[in-house]
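Report on the structure given below.
The residues of the chain are indexed from 1 along the displayed sequence. Predicted, not measured: the structure shown is a model, and the values here were computed from it. Side chains are part of it too, since the values below use all heavy atoms of this structure and drop only hydrogens, waters and symmetry mates.
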Amino acid sequence: EAVSARSSEKIPSYELTRFTNLQAAMAGYSFKKIESILNKRRHFASLFCGAFRGNPLIEMPGENEGVEHAWGRYPIRIRGICKFDLQDLFLRRGIEVSTYYPYICPDTYFVKEFGANNGSYPNATAASKETILLPMHDFLREKDIFFIIKAVKEITKASRLAPLGREPSIVEGFIYK
């Protein structure tokens, strides 16, 4: 195309699946009720914030004054517990969490290869290993949020009671460090 300035006769298959008709229909429906969706997410985020505030093992996002977050995701960091162990613990309770942030920028090929990395980043590295995303979607109900909150509290309580001196792992559904 770049040489001839002509498009191909056939649309590449990867172009056909960017946004399906079903996804477009769902998005169109969601846009019609965007304010109620955002209000629901903000309410759920406030429930999470209120429930986890004061727990020394949990780091969670906040909002700057005058800024309203859309809360498309709700990331939390549970200190001392590997995100993959967390994922397993939540799945055992019927809760699907996401595990993003697989590495930090200084660990990428180009930063390593071309020497732009001039230090270690222990906080960022730890956060990338311990951060998960709690469910946050339109089909959640308030009782689902309270179920998730209960699970987070159980997991962090078990973590605080676990013996020290080992890497995080799971034994019979409990976390041991």
Side-chain angles (χ1 to χ4, degrees), residues 30 37-113 116-177:
S30 295
I37 290 170
L38 291 174
N39 288 336
K40 184 178 183 181
R41 287 182 181 176
R42 289 177 181 132
H43 172 64
F44 290 166
S46 72
L47 293 175
F48 283 145
C49 288
F52 304 147
R53 190 173 290 117
N55 186 326
L57 295 180
I58 296 177
E59 285 186 34
M60 57 191 166
E63 284 185 300
N64 292 330
E65 197 167 317
V67 176
E68 281 191 304
H69 199 299
W71 298 110
R73 304 277 185 269
Y74 195 89
I76 64 167
R77 175 183 176 192
I78 301 180
R79 293 178 179 274
I81 308 174
C82 170
K83 65 184 172 186
F84 300 112
D85 288 347
L86 285 169
Q87 185 177 38
D88 185 55
L89 288 168
F90 280 101
L91 280 175
R92 290 175 187 214
R93 290 167 170 80
I95 301 167
E96 187 174 354
V97 299
S98 299
T99 56
Y100 290 171
Y101 320 114
Y103 51 82
I104 60 173
C105 291
D107 292 338
T108 61
Y109 169 77
F110 287 103
V111 174
K112 286 181 174 181
E113 184 69 22
N117 186 2
N118 57 359
S120 66
Y121 305 90
N123 293 333
T125 300
S128 74
K129 293 178 181 179
E130 300 167 342
T131 300
I132 59 168
L133 298 170
L134 296 179
M136 184 66 88
H137 55 78
D138 299 346
F139 298 107
L140 289 172
R141 299 162 296 181
E142 196 168 274
K143 73 178 193 173
D144 299 322
I145 298 300
F146 289 120
F147 183 74
I148 294 165
I149 289 169
K150 180 181 176 197
V152 170
K153 288 182 175 182
E154 288 172 356
I155 289 167
T156 57
K157 182 179 179 184
S159 175
R160 284 194 291 258
L161 299 175
L164 299 175
R166 297 193 293 164
E167 287 296 310
S169 63
I170 300 175
V171 178
E172 297 298 319
F174 293 95
I175 304 165
Y176 291 92
K177 289 197 232 177

Of all heavy-atom pairs linking Ala124 and Ile104, the shortest is O-CG2, 3.4 Å
Using a 3.5 Å distance criterion without hydrogens, assess whether the side chain of Asp88 forms a donor-acceptor pair with backbone atoms of Asp85. no
Would you mind listing every salt bridge (charged side-chain N to carboxylate O under 4.0 Å, His left out) that reaches into residues 124-134, with sequence neighbours excluded? Arg77-Glu130
Any side-chain heavy atom of Val97 within less than 4.5 Å of one from Pro135? yes
Approximate separation, where rounding is to 0.5 Å, of Ile37 CD1 and Lys40 NZ: 8.5 Å
Taking all atoms of both residues into account, what is the closest heavy-atom pair of Thr156 and Leu57, and its distance? O-CD1, 3.6 Å
Atom pair CG/CD1 of Leu47 and Ile149 - distance to nearest 0.5 Å: 5.5 Å
Taking every non-hydrogen atom, the tightest pair across Arg93 and Ala151: CD-CB, 3.6 Å
Whether the side chain of Lys83 engages the backbone of Leu133 through a donor-acceptor N/O pair (distance < 3.5 Å, no angle test) should be reported. no
Side chain of Ser46, backbone of His43: donor and acceptor closer than 3.5 Å? yes
Measuring from atom CD1 of Ile155 to atom NZ of Lys157, what distance do you get when rounded to the nearest 0.5 angstrom? 13.5 Å
Which class fits the ring pair Trp71 and His69: parallel under 30°, tilted 30 to 60°, perpendicular over 60°? parallel
Gap separating the CD1 atom of Ile78 from the CZ atom of Phe52, nearest 0.5 angstrom: 7.5 Å
